[in-house]
There are 2 protein chains.
Amino acid sequence: MAPSSRPYHHGGLKAALLKAAVETISASSPASMSLREVARRAGVTHAAAIYHYGDKAGLLTAVAVDGFRLLTAQITSAYQAYEDFLEVGVAYVRFAVEHRAHFEVMYRPDLYHAGDPELLEAKAAAAQLLYGSEHPDPGQLLAGVAAWSVVHGLATLWLNGNLPEQLGKDPEAITRLVASRLPPSTGAAP
Amino acid sequence: MAPSSRPYHHGGLKAALLKAAVETISASSPASMSLREVARRAGVTHAAAIYHYGDKAGLLTAVAVDGFRLLTAQITSAYQAYEDFLEVGVAYVRFAVEHRAHFEVMYRPDLYHAGDPELLEAKAAAAQLLYGSEHPDPGQLLAGVAAWSVVHGLATLWLNGNLPEQLGKDPEAITRLVASRLPPSTGAAP
DNA sequence: AACCGCATCTAACCAGTGGTTAGATTATCT
DNA sequence: AGATAATCTAACCACTGGTTAGATGCGGTT
């Protein structure tokens with residue numbers, strides 16, 4: 001894309017469309033994103049977008065896959081950095097806030113192809129990370145689900161503006177506060 | 001609606017449209033609901049729906065308001081029946097599952113008029129109930145937010161099929177299990 | 001080098017959508 | 001009864017997602 005206006009046979013159109021989709025969603029919401037606007041933003045026809053992704057749901061599937069992979073990476077590195085489950089929860093909320101577009105798509109399976117193999121794989125990887133590894137005993141599984149539920153609930157309620165204002169404007173701080181009100185200590189390390 | 005086909009000047013069109021909207025959403029999802037299909041189901045033109053609700057977002061606002069009121073009623077009666085916070089949480093999850101259409105609209109403010117006065121009132125009433133009454137001390141507020149977050153997270157994760165299958169098929173049972181894994185005892189009665 | 005085949009993209013079309021407007025129909029009030 | 005206001009339809013608009021036929025340009029083969 002050297003000069004500015006003529007990388008036709010674009011080279012990175014597929015990736016550019018994904019980026020444009022995320023930007024478009026960030027500017028509004030997943031429901032109101034239009035294929036044609038995404039394509040416009042990338043400087044192509046909407047048929048070009050359909051060529052690469054099959055249909056609108058296919059594009060949103062790609063956004064969701066990207067999101068689950070990003071989440072997995074961020075959670076992993078948070079745990080490696082702090083070795084602390086609280087910080088994993090905080091990282092989850094931070095991801096939801098920093099990547100609102102990705103996050104909102106990820107948890108609206110009615111918008112994408114929920115059965116897509118790549119999607120299932122990316123989602124499974126994230127889930128496994130989130131509720132503890134492999135085949136935990138039932139107690140550990142429950143603890144993981146509980147922890148995931150709290151941070152997921154916090155993140156979505158925050159994004160929708162459903163948390164009381166008195167809690168302040170910093171969702172990560174709220175996460176720490178809420179967590180401190182919860183289980184004194186939940187489970188062992190994985 | 002006595003005979004079958006001729007209550008023109010319909011009498012209860014507005015309510016019938018609301019019902020039709022909920023049914024349509026139940027059959028698919030909020031995002032894919034179309035005004036015209038809702039109107040078709042009610043036997044009128046889509047312009048009639050717009051006459052009563054202003055626009056599509058207006059109709060969805062009505063669904064959300066209805067949902068928040070239903071939720072408030074159900075939570076209230078659950079607390080009165082059991083005097084137990086766990087049962088309030090279970091009632092929250094039950095509401096989400098039994099009234100999936102309402103629930104999904106309520107927490108997608110991008111779909112409706114989030115500033116609508118009726119909406120704000122209904123939402124505030126529910127919220128006040130959910131994180132404890134009136135002006136609780138900060139600790140109680142946090143406990144309420146924590147509890148709400150858990151059940152909200154559980155409900156949304158369940159609806160999206162993001163909970164591990166090993167937990168079984170009964171979301172209310174899962175709620176009790178998860179809750180038992182959480183705070184030994186959270187707060188005093190309201 | 002010229003050619004061919006394939007990947008990529010556009011143009012034109014389609015049915016369906018949300019919203020607007022003008023007018024038809026019916027209830028209600030005096 | 002007659003007029004006024006509420007309710008609904010019909011016709012239109014710009015826009016959307018998706019399909020199809022064809023234009024454009026890339027790569028490799030000879």
Side-chain angles (χ1 to χ4, degrees), chain A residues 1-21 23-25 27-64 105 108 110-114 116, chain B residues 1-21 23-25 27-64 105 108 110-114 116:
Chain A
M1 67 186 62
S4 70
S5 52
R6 206 67 14 90
Y8 287 108
H9 275 195
H10 181 292
L13 218 210
K14 194 165 183 181
L17 283 167
L18 184 57
K19 194 181 159 199
E23 289 172 0
T24 305
I25 296 169
S28 51
S29 81
S32 67
M33 183 209 82
S34 105
L35 253 191
R36 292 177 113 107
E37 189 188 332
V38 170
R40 243 173 268 140
R41 191 185 287 254
V44 294
T45 308
H46 79 290
I50 292 180
Y51 171 78
H52 282 290
Y53 288 102
D55 56 7
K56 183 182 182 177
L59 175 54
L60 289 173
T61 304
V63 173
V105 174
R108 265 175 188 70
D110 51 310
L111 294 180
Y112 55 80
H113 297 308
D116 179 276
Chain B
M1 71 184 59
S4 70
S5 52
R6 206 65 14 91
Y8 287 109
H9 276 193
H10 182 292
L13 218 210
K14 194 165 182 181
L17 283 167
L18 183 58
K19 193 180 161 199
E23 288 172 0
T24 304
I25 296 170
S28 52
S29 81
S32 67
M33 182 209 82
S34 106
L35 252 192
R36 292 177 114 107
E37 188 188 332
V38 170
R40 243 173 268 140
R41 191 185 287 255
V44 294
T45 308
H46 78 291
I50 292 179
Y51 171 77
H52 282 289
Y53 288 102
D55 56 7
K56 183 182 182 178
L59 175 55
L60 289 173
T61 304
V63 173
V105 173
R108 264 176 189 69
D110 51 310
L111 294 181
Y112 56 79
H113 297 307
D116 179 277

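Just so we're on the same page: letters track the sequence lines, and every chain starts at 1.
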Shortest non-hydrogen contact from B:Leu18 to B:Leu59? CA-CD1, 4.3 Å

Between C:dT8 atom P and A:His46 atom NE2, what is the distance in whole Å? 18 Å

Does anything in residues 31-40 of chain B form a side chain to side chain donor-acceptor pair (under 3.5 Å)? List the pairs, not counting sequence neighbours. B:Ser28-B:Ser32, B:Ser29-B:Ser32

Between D:dG17 atom P and A:Leu17 atom CG, what is the distance in whole Å? 13 Å

Separation of atom CG in A:Asp55 from atom P in D:dT20, rounded to whole Å: 14 Å

Within the pair A:Tyr51 and C:dT8, is there a side-chain N or O less than 4.0 Å away from OP1 or OP2? yes

Result block: side-chain N/O donor-acceptor pairs under 3.5 angstrom for residues 42-54 of chain A, not counting sequence neighbours:
unit_1, atom_1, unit_2, atom_2, d
A:Tyr53, OH, A:Lys14, O, 2.8

Write down the distance between CD1 (B:Ile50) and C1' (C:dG18), rounded to a whole number of angstrom. 6 Å

side-chain contact (heavy atoms from CB on, under 4.5 Å) partners for B:Ala114, two or more places apart: B:Pro109, B:Tyr112

For DNA chain C, which residues in residues 31-41 of chain B have a heavy atom at a distance below 4.0 Å? B:Met33, B:Ser34, B:Leu35, B:Arg36, B:Arg40

B:Lys56 NZ - C:dG16 C1' separation (whole Å): 12 Å

Distance, rounded to the nearest Å, where A:Lys14 contributes NZ and C:dA7 contributes C1': 13 Å

Would you mind classifying the nucleic acid contact of B:His52 as base, sugar-phosphate or nothing, using non-hydrogen atoms under 4.0 angstrom? sugar-phosphate

Going by salt bridge (Lys or Arg N to Asp or Glu O under 4.0 Å), name the residues that satisfy it together with A:Asp55, two or more places apart in sequence or in a different chain. none

